[in-house]
Chemist: 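One structure, pasted below without further comment.
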Amino acid sequence: MRLPAAFVSLLLAAALLGGCGSSGDGTTGGGATAPAGAAAQACALNAGGIDGLRVTAVSCGEGQRVASGWRAAAQCAKQGSRSGCSVRGYRCQATASDRGWSVDCAKPGKSIAFTVRRG
């Protein structure tokens, strides 16, 4: 009787394949995660109207150069509620608020965020 042996083999294969997959708990974080070993860090910079500089997987010096470059680039702070531009190889997106611009700049595995006061 080959049919039961084939059926048992099929069940065994299905059981083995069914056990494969993620070892996670089934929940999803829903947000982006930093590369392994990277952590966001606050940087002391309150120059030229730039506040709240935070970097992930980047030095504070690089974050300061990108923030200053964004501030200096006329195309980055266009009139309107949103703007986008590239600075030093980072893609930056900004959103206007009553306090100024909230800016996020990123490239693969790295990010820089800061606020630029109006005026």
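What you see is a predicted model, and the numbers here were worked out from it, not measured in a lab. If you read the sequence from its start, that first residue is 1, and numbering goes on from there.
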Chemist: Any idea which heavy atoms bring Val55 and Gly63 closest together, and the distance?
Modeler: CG1-CA, 3.9 Å
Chemist: Not counting sequence neighbours, which residues clear side chain to side chain contact (heavy atoms under 4.5 Å, CB included) with Ala113? List them please.
Modeler: Asp104
Chemist: Are the side chains of Phe114 and Asp51 in contact, using a 4.5 Å heavy-atom criterion?
Modeler: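 When only atoms from C-beta onward are counted, Phe114 and Asp51 do not touch, as no gap falls below 4.5 Å.
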Chemist: Applying side chain to side chain contact (heavy atoms under 4.5 Å, CB included), name anything that partners Ala73, two or more places apart in sequence or on another chain.
Modeler: Gln75, Cys76
Chemist: Between Ala57 and Gly109, what is the shortest heavy-atom contact and its length?
Modeler: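 Reported closest heavy-atom pair: CB-O, 3.2 Å.
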Chemist: Any side-chain heavy atom of Cys60 within less than 4.5 Å of one from Gln41?
Modeler: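 Cys60 reaches Gln41 side chain to side chain.
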Chemist: Nearest 0.5 angstrom please: Ser83 OG to Trp70 CH2, how far?
Modeler: 5.5 Å
Chemist: Regarding Cys92 and Cys85, I want to know if their SG-SG distance comes in below 2.5 Å, which is how I'm defining a disulfide.
Modeler: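 Answer is no: Cys85 does not pair with Cys92 in a disulfide.
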Chemist: If you look at every heavy atom in Ala44 and Gln64, which pair is closest and at what distance?
Modeler: O-NE2, 3.4 Å
Chemist: How close do Trp101 and Ser81 get, counting heavy atoms only, and between which atoms?
Modeler: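 Minimum heavy-atom separation between Trp101 and Ser81: CZ3-O, 4.1 Å.
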Chemist: Between Tyr90 and Ile112, is any pair of side-chain heavy atoms under 4.5 Å apart?
Modeler: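 Yes. Closest side-chain heavy atoms under 4.5 Å.
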Chemist: Which heavy atom in Ala94 sits nearest to a heavy atom in Val103, and how many Å separate them?
Modeler: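 For Ala94 versus Val103, the nearest heavy atoms are CB-CG2, 3.9 Å.
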Chemist: Which pairs, with at least one residue in residues 88-102 and sequence neighbours excluded, count as a salt bridge (charged side-chain N to carboxylate O under 4.0 Å, His left out)?
Modeler: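 Every pair satisfying salt bridge (charged side-chain N to carboxylate O under 4.0 Å, His left out) with a residue in residues 88-102: Glu62-Arg88.
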Chemist: Once side chain to side chain contact (heavy atoms under 4.5 Å, CB included) is applied, do any residues pair with Ser68, and if so which ones, sequence neighbours excluded?
Modeler: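 Expected list: Ile50.
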Chemist: Hey, does Lys110 have a side-chain heavy atom less than 4.5 Å from the side chain of Thr56?
Modeler: no
